[in-house]
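Atoms within a ligand are numbered from 1 in the order they appear, just like the ligands themselves.
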Amino acid sequence: MKKSVVWKDKKWKTGMRITLDYKNMMADSIGKGYGITLNELEKMAAKAKRIDKVLKQGWKERKIGFFDLPFQGENVNNIKSFAKKVKTDYEAFVVLGIGGSALGPIALQTALNPPHYNLLTKKERNGCPRLFVADNIDPAGFEGILRVVDPEKTMFNVISKSGGTAETMSQFIIVRDMLKKRLGKNYKDHMVATTDPEKGILRKIATDEGLETFPIPANVGGRFSVFSSVGLLPAAVVGIDIEELLAGAAYMNELCMTSDLFQNPAYLNATLQFLADKKGKPMSVMMPYADSLKDIADWYRQLWAESLGKKVSLDGKIVHTGPTPIKALGATDQHSQLQLYIEGPFDKVVTLIGVKDFGAEAKIPKAYKEIGELGYLGGHTLKELILAEMLASEMALTHNHRMNCTITLPEVNAFTIGQLLQMLMIQTAFAGGLYNIDPFDQPGVEQGKQYAYGMMGRKGFEGKKKEVDEYIYIKKTGSLKGYAV
Ligand code: PA5
């Protein structure tokens, strides 16, 4: 939980730049017929310029809001002063949210705070509260969180852009009721709402009941909201340097200002992934070799899937397009998934994420010198071992003609994580242009939400309820009866 303004130093910044090595995506490295040729990549350069123009226009016209999030001075100050109050008065901070309203806070916490943070003493947590994210409605899981926090010393942060998501709002109603029973009118001091600045029922409730609120800009959707109050408030509460985080994101914006495909890391990675998909590799694996980055792979899985998995193209054609993101963790999943990636069907592209400096070495003491199978380990470190295993996986993939690329972080800190997440968001927005779909909507998710509203009896969704009843009836009595054991 480093606190510094070192990110203002130009030399330090350049030294902390994250890099993308894509040579193993290319036919020259993994073999003719397996990889992308330089000619194929060069042919995309003109298209990249066209997509760049559309994106920059969307940014200028304030239709695409996430580009601006690194520059939200006043909101950052408000978040910091609220976080300071929470730190003084509360022992736990519980996020109620789902999808884009939960994955960002989780990814930041795992990346930037020590492992097993909640088990550390208050002193070891620099006086910050424990953090819990209730991102599901499994009744046992949810009650499990409520059982381990003391409501009188807990701040609950309900996060919903729409303000109407059934999962989150159910949690909100349960918590509000519990707090009211325990604390009476003071329940308000234990709830903070993060939502649209104007729209939605959560905004109205918060205003009517006088709850503290933080805004999610209207032009920022859930999965692009990690650098809005959605990610920043929980991050600030647990002591993450949110200014350094945003400085990293701003730095990535700078790096992605160019419309030159070969100079822009986000555009280039999107194009490589797109060409891989077009070459029959729709499975896109993200495999960081660092525990701290495993929830970034989870966050990215939603970003890539929900943004690019679409039925209708921008010109109204039925396309049913989109790659399938898969998350893995090195070295753990070398013993679970890697066999498939190396020898299974040629349908995958693997992005490895490496870290140069882990801030730890974990020395392996010299032992069992006389036993060949073990003696060689002594004197090395776990850092050496994980880096060796990462290189070994890269080589095995490459030698088996499997497309792979590597993103490297000099170290895991708020500045490099800011860069990485912003790069992946720009990459996703750009990929929307390549796939010719709208990366910012999610009509499929909305359809599921509507069936759930119907089943739970929400007014206005009676038609959906009827559809559900008919579906259940056919399932029980129709020709599909009997397809269950
Ligand atoms: O990316 C998205 O838009 C979604 O995943 C949403 O984040 C998710 O459905 C939750 O929505 P809301 O924040 O409106 O409760």
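- Proximity of Glu167 to ligand 1 is not established, as no heavy-atom distance is less than 4.0 Å.
- Of the charged side-chain nitrogens involved, none lies within less than 4.0 Å of a carboxylate oxygen, so that Lys153 and Asp89 do not count as a salt-bridged pair.
- Between Phe440 and Phe66, the angle of the ring planes lies from 30° to 60°, which puts this pair in the tilted group.
- Screening Arg176, Lys185, Lys204, Lys180 for a salt bridge (Lys or Arg N to Asp or Glu O under 4.0 Å) with Glu209, the sole residue that qualifies is Arg176.
- Looking from atom 5 (O) of ligand 1 to the surrounding protein, the closest heavy atom is Gln302 NE2, 2.6 Å.
- Ion pair Lys327/Asp333 not flagged as a salt bridge, since none of the NZ, NE, NH1 or NH2 atoms sits closer than 4.0 Å to an Asp/Glu carboxylate oxygen.
- Protein heavy atom at the shortest distance from atom 13 (O) of ligand 1 is Ser101 OG, 2.7 Å.
- Less than 4.0 angstrom separates some heavy atom of Arg223 from each of these atoms of ligand 1: 1 (O), 2 (C), 3 (O).
- With Met169, Lys161, Lys449, Glu306 as candidates, the residue nearest to atom 4 (C) of ligand 1 on a non-hydrogen basis is Glu306.
- For atom 12 (P) of ligand 1, the nearest protein heavy atom (residue, atom name, distance) is Thr165 OG1, 3.3 Å.
- Two residues are said to be in side-chain contact when any heavy atoms from C-beta on lie closer than 4.5 Å; Leu232 and Leu246 meet this criterion.
- The aromatic rings of Tyr90 and His190 sit perpendicular, their planes meeting at an angle over 60°, well past the 30° parallel limit.
- Between the choices Ser162, Gly222, Gly200, the shortest heavy-atom distance to atom 3 (O) of ligand 1 belongs to Gly222.
- A centroid separation of less than 6.0 Å is found between the aromatic rings of Phe214 and Phe82.
- Annotation for ligand 1: atoms under 4.0 Å from non-hydrogen atoms of Ser160 are 12 (P), 13 (O), 14 (O), 15 (O).
- Of all atoms in ligand 1, listed by their number and element, those nearer than 4.0 Å to a heavy atom of Gly100 are 5 (O), 6 (C), 7 (O).
- Considering both main-chain and side-chain atoms, Thr168 never comes within under 3.5 Å of ligand 1 through any nitrogen or oxygen pair.
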